Structures are given as structure tokens and as C-alpha cells.
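First the structure, in the form of C-alpha cells, and then the observations on it.
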Amino acid sequence: MSTTFMKSPSLLFTSESVTEGHPDKLCDQVSDAILDAFLTVDPRARVACETATTTGLIAVMGEVTVNGNVGDIQDIVRKTVKEIGYTGGKFYFDAESCGVVVSLHGQSPDIAMGVNQSLESKNGEMSDAEVEAIGAGDQGMMIGFACNETPELMPLTISLSHRLTRELAVARKSGKLPFLGPDGKSQVTVEYEYGKPKRINTVVLSTQHTAEISQGELRAQIQEHILNKVLPANMLDNPTIHINPTGQFIVGGPHGDAGLTGRKIIVDTYGGVARHGGGAFSGKDPTKVDRSAAYAARYVAKNVVAAGLADRFEVQLSYAIGVARPVSISIESYGTAKIDETKLAKLIDEMFDLRPGAIIRDLKLRRPIYRQTAAYGHFGRTDIDLPWEATDKADALRRAAGL
């Protein structure tokens with residue numbers, strides 16, 4: 001969103017989310033479950049794991065360097081699919097009977113040499129020398145964003161979209177709405193007035209379901225148990241509601257559409273409100289700055305907004321492969337900064353160490369914490385404890401800014 005958005009008397013903006021049973025999200029979760037398994041046996045494992053799925057098949061491929069044995073990858077895949085809810089073939093895909101193909105091999109030495117200069121400290125923690133030695137695992141730019149539209153400092157559109165899809169999963173898994181299937185999508189359009197949310201304009205919710213329930217009954221149940229629970233009453237002013245607008249949605253998941261890791265990067269981040277560097281997250285260990293630097297950028301942006309230094313804030317970090325320090329740090333406050341932006345950029349540079357090794361150390365990223373991020377967004381999560389969501393530098397930023 002540009003500064004023009006902040007000056008517009010009326011503007012509609014839309015974000016979407018997908019459930020954990022969406023075929024792309026299934027792939028993200030499988031990739032991150034495998035990553036977590038490798039990090040459990042070797043916190044310094046290098047992993048780049050991609051997953052694809054289609055009717056009756058899941059294929060896992062990629063590069064891994066690990067000191068240890070995670071066991072049967074097929075078991076990890078099937079357990080993940082089972083937890084998502086594809087069991088018994090009821091929705092045309094079954095964790096026990098689907099084919100699983102695994103092709104994982106060693107990491108390219110040409111890529112590895114940029115990040116392999118590790119110098120271990122005696123207590124197992126990262127030494128200062130190691131932090132300096134670890135270069136970025138790839139080139140690229142990563143974006144972090146925060147705004148004060150919601151308590152979790154996320155855009156309202158993506159926040160509501162994620163809450164709708166999470167509530168679908170809760171209702172399905174608890175048995176409250178047993179006719180629901182694992183696949184589904186939400187979309188929320190909000191009307192903004194001079195950059196502030198005014199009202200919910202449109203909601204679209206599509207959910208996979210069993211053949212037994214009528215569309216009329218499904219829509220009534222979704223309205224009562226999902227929409228009425230999630231959508232804030234003070235934002236509702238005769239919104240347009242579409243529930244399964246195309247009619248029945250029985251065939252879904254991998255049987256309905258092929259899936260692939262990394263195809264929901266806007267769902268994973270800020271719902272299109274902020275820019276995106278193009279890199280996906282799932283299946284990548286934290287030496288890949290596509291992931292770790294995007295988390296660090298969110299950490300920076302959230303602390304800036306939590307400190308009251310801006311109402312909306314975006315930061316771009318860029319890296320060169322094998323080089324530790326960012327090539328550039330760029331900020332955008334959309335005209336909402338409370339101090340001079342040059343001073344604000346200097347404060348960020350002074351208070352945040354954005355070398356890949358420092359990010360891994362400070363955010364404690366060599367832990368198996370990633371599967372839980374692979375559905376319902378990597379940012380603004382209040383249901384799980386994620387280190388990049390902490391606002392522990394907000395007070396120091398505020399004091400340094402003189403506010």
C-alpha cells in the first residue's frame with residue numbers, strides 16, 4: 001500500500017487465507033515437518049525440502065546435510081497428512097494409502113561453502129566468530145511489516161482471514177461441524193477511510209464438505225458457528241457474505257488440485273498489504289535468509305510499531321550469498337513516522353544485528369519450531385509462541401528516539 005492509501009477517503013482492500021487441508025498448505029506442512037525432524041537430531045542441519053502432491057501421491061525432494069538419522073521420511077509425511085485430517089479416503093485422499101516418493105540428497109558444495117565457515121564454541125552456543133563467519137545462504141530481498149490495525153500489529157484483512165480458516169479447522173476437529181472437510185479458503189475485504197479500517201465490505205468462505213449436508217444447512221451452520229464467532233460486530237454494516245458461492249465443494253485437497261510448497265507466500269505473510277521479496281519459507285533451514293531474514297524483518301517492523309515510532313512500517317533487507325551483513329536496509333513508514341526517517345533507519349541499524357548468524361542466535365532459530373507456522377500465517381500469531389513476534393526492543397527504541 002502506498003502513501004496514497006493513507007490519503008484516500010474510501011478504499012477497498014482484500015486478503016485471503018487457506019486452511020491446513022489446502023493442497024499447497026499440505027505441502028508446506030510436510031516440508032516443515034521434515035525440517036523439524038532434521039533439526040531435532042541436528043540443530044545445524046541444512047535443509048531445503050520441497051513437496052508436491054496430486055491425486056493419491058506426495059513427492060518429497062530436495063537437499064539435506066545432517067549429522068544424524070531422522071528415521072523413515074515416509075512416516076513423517078503420513079503422520080502430517082493424518083494430523084491435517086485426510087484419513088480413510090472420505091475426502092478422496094488418505095494418509096495411509098497414498099503413494100509417497102522421497103528424493104533427498106546432499107546440499108550443493110557451491111552453495112554450502114558460503115555458510116559453512118562455522119566455528120563452534122565450547123558450550124555449544126554460537127561464538128562471535130561463528131556469527132561473523134556465517135554468510136547468507138542466498139541472495140535476495142526480504143520484507144517485514146507491521147501496523148497498528150490489530151492487537152497483534154497485523155493488517156485487519158489478513159488477520160480476519162486467518163481467524164476464519166483457523167475456526168473452520170477447530171470446528172472440524174472438535175466435531176462441532178463434522179461435515180467439514182480439510183480443504184477451504186477465506187477472503188475478507190475491508191473498506192478503509194484515510195488508511196484506517198472502517199467496515200467489513202465482503203466475506204468469502206469456501207469449505208470442503210461431505211455429500212450428506214445441503215448447501216442451505218451448511219451456510220446456516222457456517223454463519224452461526226464461524227462468521228458470527230470471528231467477525232467483529234462493530235465492523236459489520238450490511239456486508240456481502242458468500243459461503244461456498246459456486247455450490248457444493250466435495251472434491252478438494254490433492255484430489256481436486258495439485259499442491260506445491262511455497263505457493264502461498266502472500267497468505268504466509270501480510271495478505272498483500274506489504275511488498276514481498278518472492279522467497280517462500282517452508283522446508284528451509286534458518287541459514288536460508290528467505291526465511292530467517294523475513295522473520296528478522298518482521299521483528300524489526302513490529303518493534304518499531306510497538307514502540308509508537310510509526311503507525312505502519314515496512315522494512316526491506318537485502319543480502320548477497322556468502323556475505324554476512326545486509327547489502328541494504330530500506331524503510332517505508334507511509335508518512336506515519338513519529339521521528340525523522342533517517343534517524344529511525346539509524347536506530348534500526350544500531351539496535352538490530354541483521355547478519356544471518358546473529359538472527360539465528362538472537363531468535364533461537366535452530367529449533368524444531370517450523371511445522372506450526374506452516375498454516376494460518378507466519379506472523380501475528382497469538383496461538384503459538386514465535387520469537388520474531390516479541391516486542392522486547394520496543395521500550396529501548398522508544399527511549400533512544402526520545403519519545
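Treat the numbers as computed from the prediction; the structure is a model and nothing was measured.
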R355 vs D353, test: salt bridge (charged side-chain N to carboxylate O under 4.0 Å, His left out). Steps then yes/no. CA-CA 6 Å; R355 295 171 297 167; D353 191 339; 2.6 Å; yes
Verdict with supporting geometry, I34 and Y370, side-chain contact (heavy atoms from CB on, under 4.5 Å): CA-CA 10 Å; I34 292 169; Y370 299 107; over 6 Å; no
Any chance you could lay out the side-chain contact (heavy atoms from CB on, under 4.5 Å) test for L231 and L236, step after step, and finish with the verdict? CA-CA 8 Å; L231 302 178; L236 299 176; 4.1 Å; yes
Apply the test side-chain contact (heavy atoms from CB on, under 4.5 Å) to residues L309 and L403: give CA-CA distance (whole Å), side-chain angles for both, the deciding distance (0.1 Å), then the verdict. CA-CA 8 Å; L309 304 187; L403 296 184; 3.2 Å; yes
Worked check of salt bridge (charged side-chain N to carboxylate O under 4.0 Å, His left out) between K79 and D72: CA-CA 11 Å; K79 180 182 178 184; D72 191 344; over 6 Å; no
Between Q215 and H209, does the side-chain hydrogen bond (donor to acceptor under 3.5 Å, both in side chains) criterion hold? Intermediate values first, please. CA-CA 10 Å; Q215 289 302 301; H209 59 87; 3.1 Å; yes
Test log, rule side-chain contact (heavy atoms from CB on, under 4.5 Å), inputs Y319 and Q139: CA-CA 5 Å; Y319 292 85; Q139 70 176 46; over 6 Å; no
For T202 and T189, run side-chain hydrogen bond (donor to acceptor under 3.5 Å, both in side chains): C-alpha distance rounded to whole Å, both residues' side-chain angles, the deciding distance at 0.1 Å, then the answer. CA-CA 5 Å; T202 306; T189 302; 4.7 Å; no
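A cation-pi arrangement is not found for K198 relative to Y192, the charged atom failing to lie both closer than 6.0 Å to the ring centre and inside a 45° cone about the ring normal.
Other residues, nucleotides and ligands contribute more than 12 heavy atoms inside 6.0 Å of the CD atom of Q74. Heavy atoms of other residues, nucleotides or ligands lying less than 6.0 angstrom from CG of D385 number 12 at most.
Comment: E83 does not engage K173 in a salt bridge, judged by the lack of any side-chain N to carboxylate O separation of less than 4.0 angstrom. Taking the charged nitrogens against the carboxylate oxygens, R78 and E96 have no contact shorter than 4.0 Å, which rules out a salt bridge. Salt-bridge check for R291 with D32: passed, with a basic side-chain N closer than 4.0 Å to an acidic carboxylate O. Classification of K25 and D183 as a salt-bridged pair fails, no side-chain N sitting under 4.0 Å from a carboxylate O. A salt bridge does not link R199 to E193: none of the charged side-chain nitrogens sits closer than 4.0 Å to a carboxylate oxygen. Salt-bridge annotation for R371 and D36: absent, with no side-chain N of the basic residue lying under 4.0 Å from a carboxylate O of the acidic one. We find that K302 and E152 are not joined by a salt bridge, their nearest charged nitrogen and carboxylate oxygen being 4.0 Å or further apart.
Partners of D392 by side chain to side chain contact (heavy atoms under 4.5 Å, CB included), not counting sequence neighbours, listed by chain and number: Y299, N303, A390.
No side-chain heavy atom of H378 sits less than 4.5 Å from a side-chain heavy atom of Q372. The shortest side-chain heavy-atom distance between I84 and Q29 falls under the 4.5 Å cut-off. At a threshold of 4.5 Å between non-hydrogen side-chain atoms, the residues R366 and I360 count as touching. Here the side chains of L26 and P182 are not in contact, with every heavy-atom distance at 4.5 Å or above. Between R398 and K393, the closest side-chain pair of non-hydrogen atoms is not below 4.5 Å. The side-chain heavy atoms of T65 and D42, taken from C-beta on, include no pair separated by under 4.5 Å. When side chains are defined from C-beta on, I222 counts as touching L168, because their heavy atoms get closer than 4.5 Å. The shortest distance between side-chain heavy atoms of T287 and R46 falls below 4.5 Å.
The closest donor-acceptor contact from the side chain of S318 to the backbone of S328 lies under 3.5 Å. For D268 (side chain) and G377 (main-chain N/O), no donor-acceptor pair under 3.5 Å exists by modelled atom type. Although no hydrogens or angles enter the test, the distance criterion places a donor-acceptor pair under 3.5 Å between the side chain of T336 and the main chain of R312. Checking side-chain atoms of T19 against main-chain N and O of G184 turns up a donor-acceptor pair under 3.5 Å. Under the 3.5 Å distance criterion, the side-chain polar atoms of D94 are matched with a main-chain donor or acceptor of G88. Remark: the backbone N or O of R275 is paired with a side-chain donor or acceptor of E314 at under 3.5 angstrom. Side chain of N201 to backbone of V190: no donor-acceptor contact under 3.5 angstrom is found.
Rounded to the nearest 0.5 Å, atoms CG (L260) and OG (S31) are 8.5 Å apart. L153 contributes atom CG, which lies 10.5 Å from atom OG of S159 (distance to the nearest 0.5 angstrom). Summarising the geometry, atom NZ belonging to K284 is positioned 12.0 Å from atom SG belonging to C49; distances are rounded to the nearest 0.5 Å. Separating the CG atom in L317 from the CD1 atom in I329 is a distance of 6.0 Å, to the nearest 0.5 Å. A distance of 12.5 Å separates CD of E341 from CG of L347, quoted to the nearest 0.5 Å. Atom OG1 of residue T269 and atom NZ of residue K264 lie 12.0 Å apart, to the nearest 0.5 angstrom.
Between G253 and P23, the closest heavy-atom pair is O-CG, 3.8 Å. For the residue pair L164 and S186, the shortest heavy atom distance occurs at CB-CB, 4.0 Å. Residue Y376 comes nearest to R381 through the heavy atom pair O-CD, 3.3 Å, listed as atom of the first residue, atom of the second, then distance. Contact detail for G21 and Y86: the closest heavy-atom pair is O-OH, 2.7 Å. Closest heavy-atom contact between S15 and S161: O-OG, 3.0 Å. Here the shortest heavy-atom pairing between V289 and S292 reads CA-OG, 3.6 Å.
The aromatic ring centroids of F281 and Y295 lie less than 6.0 Å from each other. Separation of the H255 and F91 ring centroids does not fall under the 6.0 Å cut-off.
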Show me the donor-acceptor pairs, under 3.5 Å and distance only, between side chains in residues 241-251 and residues at least two apart or in other chains.
| unit_1 | atom_1 | unit_2 | atom_2 | d |
| --- | --- | --- | --- | --- |
| N244 | OD1 | T207 | N | 2.7 |
| N244 | ND2 | T207 | O | 3.2 |

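A perpendicular orientation is assigned to the rings of F145 and Y334, their planes being inclined by more than 60° (bins at 30° and 60°).
V30 pairs with exactly one of T261, V60, I73, L35 by the side-chain contact (heavy atoms from CB on, under 4.5 Å) rule, that one being V60.
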